[in-house]
Amino acid sequence: FTLAGRQLGLSASTVWEQLRALERMLGCSLLNREGRSIELTAEGKVLLQIIQPHIEAIDSLKRLFDEGRARLSPRL
């Protein structure tokens with residue numbers, strides 16, 4: 001969570017808070033935490049399968065937007 005926070009420009013505690021909020025919203029635990037080890041629960045794996053295509057789409061958003069914008073007619 002520290003690394004994720006760094007990549008997102010957030011603190012690790014903020015990442016944890018967001019995860020907890022998501023777990024409360026969904027009504028389940030998404031991660032098993034044992035010591036320093038963290039792994040997805042069965043519910044976490046289901047959520048990952050659902051959101052993975054959306055994450056990939058978001059990752060390609062800028063490229064797709066630039067390609068679409070390049071096809072627009074230029075303005076004078």
Subject >> Donor-acceptor contact present, side-chain T41 to main-chain N32, <3.5 Å >> reply: no

**OP:** Flag yes if L64 and L72 sit in one hydrophobic cluster, no otherwise; membership is Ile, Leu, Val, Met, Phe, Trp, Tyr, and two members link when side-chain heavy atoms are under 4.5 Å apart.
**Re:** no

Original post:
Quick one: CH2 on W16 to OG1 on T2, what's the gap to the nearest 0.5 Å?
Top reply: 9.5 Å

Original post:
V15 and I58: same hydrophobic cluster, using ILVMFWY side-chain contacts below 4.5 Å?
Top reply: no

**OP:** Quick one: pull up SG in C28 and CG in L22 and give me the separation to the nearest 0.5 Å.
**Re:** 8.0 Å

**OP:** Decide yes or no for T14 and F1: does some side-chain heavy atom of the first lie under 4.5 Å from some side-chain heavy atom of the second?
**Re:** no

**OP:** Provide the full list of salt bridge (charged side-chain N to carboxylate O under 4.0 Å, His left out) pairs with a residue in residues 19-33, sequence neighbours left out, each pair given once.
**Re:** R20-E23

**OP:** Provide the closest heavy-atom pair for L30 versus L47 in the form atom of the first, atom of the second, distance.
**Re:** CD1-CD2, 3.9 Å

Subject >> Euclidean distance, E43 CD relative to L31 CG, rounded to 0.5 Å >> reply: 11.0 Å

**OP:** Before giving the answer on side-chain contact (heavy atoms from CB on, under 4.5 Å), spell out for D66 and R63 the whole-Å C-alpha distance, their side-chain angles and the decisive distance to 0.1 Å.
**Re:** CA-CA 5 Å; D66 288 344; R63 178 185 55 79; 5.9 Å; no

**OP:** Supply the atom-to-atom distance L8 CG to L3 CG, rounded to the nearest 0.5 angstrom.
**Re:** 9.5 Å

**OP:** Count the heavy atoms belonging to other residues, nucleotides or ligands that lie under 6.0 Å from CD of E34, then report whether that count exceeds 12.
**Re:** no

**OP:** Supply the atom-to-atom distance I51 CD1 to E56 CD, rounded to the nearest 0.5 angstrom.
**Re:** 10.5 Å

